[in-house]
Amino acid sequence: MWKSGTLLLLSVLWASGELQQETEPRRLPPPGKLDFGYVPAGVYETLAHYEPGPIGILFHLVHAFLHAVQPNAFPHDLIVKLAKDKFGAIQTEYQKPENIVLTLQAIYYEIGFLICAAVGLLFAVLMPVVGLFFCMCRCCDNCGGEMHQRQRKNADCRRGLLGTLLFSTSLVITIGVLCAYAANQNLSSQVKNIRRLVNSNMRDLHTFANDTPMQIDYLISQYATVKNKVNYDLDNIGPLLGGRIHVRLDKEVHPALNQVLNMAGAMRETKEALENVSVSLVVLQEGAGKLHFNLSQVRDSINRTLDDPGCHDEESDATTAQLCRSIRQSLSQLQMSANFTRLPNVNPQLEKMKNVVKTDLSSVVHRGFSSLNDTPHIVIEQTRTVVNSVQNLVDSVGNNISSFSRAFPLQTCLSNFTIFISHAHAKIEDYYPEIDKMDFYRWIGCIALCCMVVLVLAFNYLGLLCGTLGYDKHASPTTRGCISNTGGTLLMAGVGFSFIFSWMLMGVLTTIFLAGGNMEKLLCEPFHTKELFKVVDTPYLINPEWKNFIPGYMYNDSELELTSESLYSTCKQNKGIYSALRLDKVFNISSFLNTTVFTKDVVRQLENFRIDLRTIILLEAEGKQNLLDFSEAGLSEINYADYLDEVNKGVTVVDVLSFAKELESQTDLMPRGPLQTALKGHVATLQRIHRQQIAPMEQAMKYVRARSALNQSMRFLERTASDLPNKVTDVLEAIAAAQHLISQNATLLISQETRKYSATIIGYFNQYIEWVKTSLALEVAPCKPFSNILDTAQIMTCSFLGDSMNTFWMGLGCSTLFLLPSVILAVKLAKYYRRMDTEDVYDDSSVSGTWHFTL
């Protein structure tokens, strides 16, 4: 059976492959979590747990009594020494000191049982001897055999006390018999459950054999999960690997291209600013020219008018002359303040900027962005061959796994194991009639033992009943009734049967006690505390050449740490037989599917990635030249101070309207005449110029916008032209550095991302391998049926047989011991129930109070 089971376990291991080799020393980053689902598992029927029910109270009492009789710890060292010696030296060379010590240790451990056994044997020996002498003594009218009872004043009290004590003793005996009977019936009923337990264990073994191939197939089928995920990542290597590379490069390249893009925007804005300056300057020069001409005419006209004789003749009024001088002096203010005509145009710079913007620098930059964003496609094209080879390797590994599992005769091994189970079950079934027959004989024997005590109890109860009911307190001992006499006779019959049966009962019960008690202390309790496993697992116990028996027998490697305790505990937890038998440390199929070789094959292929990004051009030569042309557009040659100075000036030096009002007020002070009239005309002309020319230049949107546009454009151009060549140089250097990063220094970055990508791919295989190892250890072929078999054997041996038989001897043994006080009490009480041949008569007339015997 063991060899067949071993073959089955080997088939489980070989079918699943060895996955316990050490992984790569380099720790890989955790990849995406794969979901392999749950390994399909059958349900084992056997519940290897026994609940005795109400009779469990009696079992606990028995255990407590046995602990009181035998409180010593389990003699591990003693049993190991005896087992190693195989008890031979003690039997043949018992006089040696070491053997004497072992014998004394055994006696010390068994001292409680030996004392109890000695008491039982003493009881069994002395009881028939005492009974014989008691009968002979009574035949000689001694020992209460004389049919004469002395009259006592407390006779009724003594009779009542004896009857009560005998009844109490009989009740105790009855309880003991009932306990023994209950234990006997419990054992018979539990024997019927043996078939159910055995059948459920066998069905669990069939489930184990039937589910294992399905579980192995599931482990193998889940390789498809890895395969699909790996193929998905390989098919999407562009977004995954190329995308990572693009993100890393974009952090360095994007700012440089953005600078060029900003510079392209600055070019367009510069051209627009120059155009605004050119248009605004034309508008302002045109308006300023007309106003300058009209003001000059008016100023000349006023000068001519002031040449009138009325202003400087001797005959003229002194006030008028003074007014004329004042007017002539103020005429110098009547002129333009902002002279736009003196400003040079910006047509040379504008023409250069028009030529610069003919090149669409934004499109050039966007082509650079597009070239950078094409990194995933470049990766796809350059890794196509490697991806195909890795996918072929993944497919071939999956095919090898499937073909290997089909080639190994797993089903044949499991079929043989199933046949073995069925054959063993059939043999066990053949023993059921014998078991039932033996249990029936045992039940009959136990009932017979109980009936011996029941017979004594029947005589006791009938004797008490007849004696109590037939007792007449007015009758003398010689005139007692027939019923009372029958009660006494029955009590004496019980005494006789007590002497006949008690010694046989005690002999049988002592034998059962020694067997059951030692089985409980040396087998059942050590099994629960696992001390028994420690004995079995003692190094070099079973075979002097093997440190550990199980691995030594199965694998010829006794140094392997595989013990019966660890095997039982692992199976008790329903873990896989793979971990229970430590198959991972013994069988190695590294040539087929071990971690190191498997991952190295894939890594070796993934290391063939060669990614070259030198085809990415961030900024073409056209764009670079465009930037240089922009820096040489002559913006620095514009006199921005003159422009801004003229823009910030007013239209005229003096407010023409105020000047006209002042002139008018001065004219009003002059005497009437041609001079006053002429000056009045000039005032009207000035008012008209202000209304028609100056006010529109100050308020009309055309001129306001022109001045504003000129002001803003010149300020923008001034900012743009500030250190423009150095700015362009910085942009070109940033582009050159980014291009150098892509063309020359991207190797390290690509290598890092490639390793990360490869680690992710390998991580999927590692996840599968770890999942298979965990499943093999915990879920595949769970060996709970094997621990259940051991637990079932323990239940049948200890719980069914041991506890029941121990309860039987405890109950019946107590009853047997109480037969002794029952005999004494029954003998004494029978004197008060039986009819006596003679009695004592008390004569009242006698002074001395003499007794007379009446025959």
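We're numbering straight along the sequence, starting at 1. Computed from heavy atoms alone, side chains included, the values below leave out hydrogens, waters and symmetry copies.
In this structure, F113 and L514 approach most closely via the heavy-atom pair O-CD2, 3.9 Å. Across all non-hydrogen atoms, the minimal contact from I55 to A182 is CD1-O, 3.8 Å. Taking each heavy atom of D211 and A41 in turn, the nearest pair found is OD2-C, 4.2 Å. Minimum interatomic distance between K521 and F74 (heavy atoms only, all atoms of both residues): O-CD1, 4.0 Å. A pairwise comparison of heavy atoms in I795 and A48 identifies CD1-C, 3.7 Å as the closest pair. Nearest heavy-atom pair, G517 versus L66, reported as atom, atom and distance to 0.1 Å: CA-CD2, 3.9 Å.
A distance of 6.0 Å or more separates the ring centres of F808 and Y181. Taking the ring centroids of F786 and F208, they lie under the 6.0 Å cut-off.
Counted by atom type alone, Q215 and D217 present zero donor-acceptor pairs between their side chains at under 3.5 Å. For the 3.5 Å distance criterion, the side chains of S566 and T563 qualify, holding a donor opposite an acceptor. Q391 and D235 share a side-chain donor-acceptor pair at under 3.5 Å. Remark: the N574 side chain and the Y44 side chain contain no N/O donor-acceptor pair separated by less than 3.5 Å. Side-chain contact of Q190 with N193: a donor-acceptor pair under 3.5 Å is present, judged by distance alone. In summary, the side chains of S569 and K530 do present a donor paired with an acceptor at a separation below 3.5 Å, with no hydrogens or angles considered. Remark: the H49 side chain and the D791 side chain contain no N/O donor-acceptor pair separated by less than 3.5 Å. In this model, no donor atom of one side chain and acceptor atom of the other lie less than 3.5 Å apart for S188 and Q185.
A donor-acceptor distance shorter than 3.5 angstrom exists from the side chain of R582 to the backbone of E561, with no hydrogens or angles considered. Judged purely by atom type and a 3.5 angstrom limit, N201 uses its side chain to pair as donor or acceptor with the backbone of L197. Here the side chain of D537 pairs a donor or acceptor atom with the backbone of E565 at under 3.5 angstrom. Side chain of T797 to backbone of Q794: no donor-acceptor contact under 3.5 angstrom is found. Panel note: side chain T570, backbone L567; no donor-acceptor pair is recorded below 3.5 Å. Remark: the backbone N or O of K756 is paired with a side-chain donor or acceptor of T760 at under 3.5 angstrom. No side-chain donor-acceptor contact under 3.5 Å links N548 to the backbone of I550. The closest donor-acceptor contact from the side chain of S804 to the backbone of N186 lies at 3.5 Å or more, if one exists at all. Remark: side-chain polar atoms of S221 are paired, donor with acceptor, to backbone N or O of Y218 under 3.5 angstrom.
The environment of M438 atom CE is sparse: at most 12 non-hydrogen atoms of other residues, nucleotides or ligands sit within 6.0 angstrom. Under a cut-off of 6.0 angstrom, the local environment of NE2 in H67 is sparse, with at most 12 non-hydrogen atoms contributed by other residues, nucleotides or ligands. Residue Y431 qualifies as open at atom OH: its count of foreign heavy atoms under 6.0 Å is 12 or below. The environment of L523 atom CG is dense: over 12 non-hydrogen atoms of other residues, nucleotides or ligands sit within 6.0 angstrom.
In this structure, the side chains of H425 and N199 come closer than 4.5 Å at one or more pairs of heavy atoms. Using a 4.5 Å heavy-atom cutoff, the side chains of R442 and L187 are in contact. When side chains are defined from C-beta on, D35 does not count as touching T225, because their heavy atoms never get closer than 4.5 Å. Residues Y768 and Q222 have side chains in contact (heavy-atom distance under 4.5 Å, counting atoms from C-beta outward). Side-chain contact between P782 and I577 is absent, with no heavy atoms from C-beta onward closer than 4.5 Å. Using a 4.5 Å heavy-atom cutoff, the side chains of V508 and W809 are not in contact. Side chains of K784 and C571 form no contact here, defined as non-hydrogen atoms less than 4.5 Å apart.
Of the residues listed (I428, I435, D436), the one engaging R195 in a side chain to side chain contact (heavy atoms under 4.5 Å, CB included) is D436, and it is the only one. A side chain to side chain contact (heavy atoms under 4.5 Å, CB included) with S422 holds for exactly one of H206, K427, M202; it is H206. The only member of V43, N788, I421 that meets side chain to side chain contact (heavy atoms under 4.5 Å, CB included) when paired with D204 is N788.
For the pair K227 and D395, the salt-bridge criterion is met [side-chain N within less than 4.0 Å of a carboxylate O].
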Take D803 and H63, measure what side chain to side chain donor-acceptor pair (under 3.5 Å) needs, and give me the verdict at the end.
CA-CA 9 Å; D803 287 344; H63 295 162; 3.0 Å; yes
Side chain to side chain donor-acceptor pair (under 3.5 Å) between N518 and E520, intermediate numbers included:
CA-CA 5 Å; N518 280 286; E520 174 66 26; over 6 Å; no
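Below 30°, between 30° and 60°, or above 60°: for W771 and F36 the angle between ring planes is below 30°, a parallel geometry. By the 30° and 60° cut-offs, the orientation of the rings of F527 relative to F533 is tilted.
A disulfide bridge does not connect C179 to C814: their SG atoms sit 2.5 Å or farther from one another.
One finds the CD atom of Q767 at 9.5 Å from the NZ atom of K229 (value rounded to the nearest 0.5 Å).
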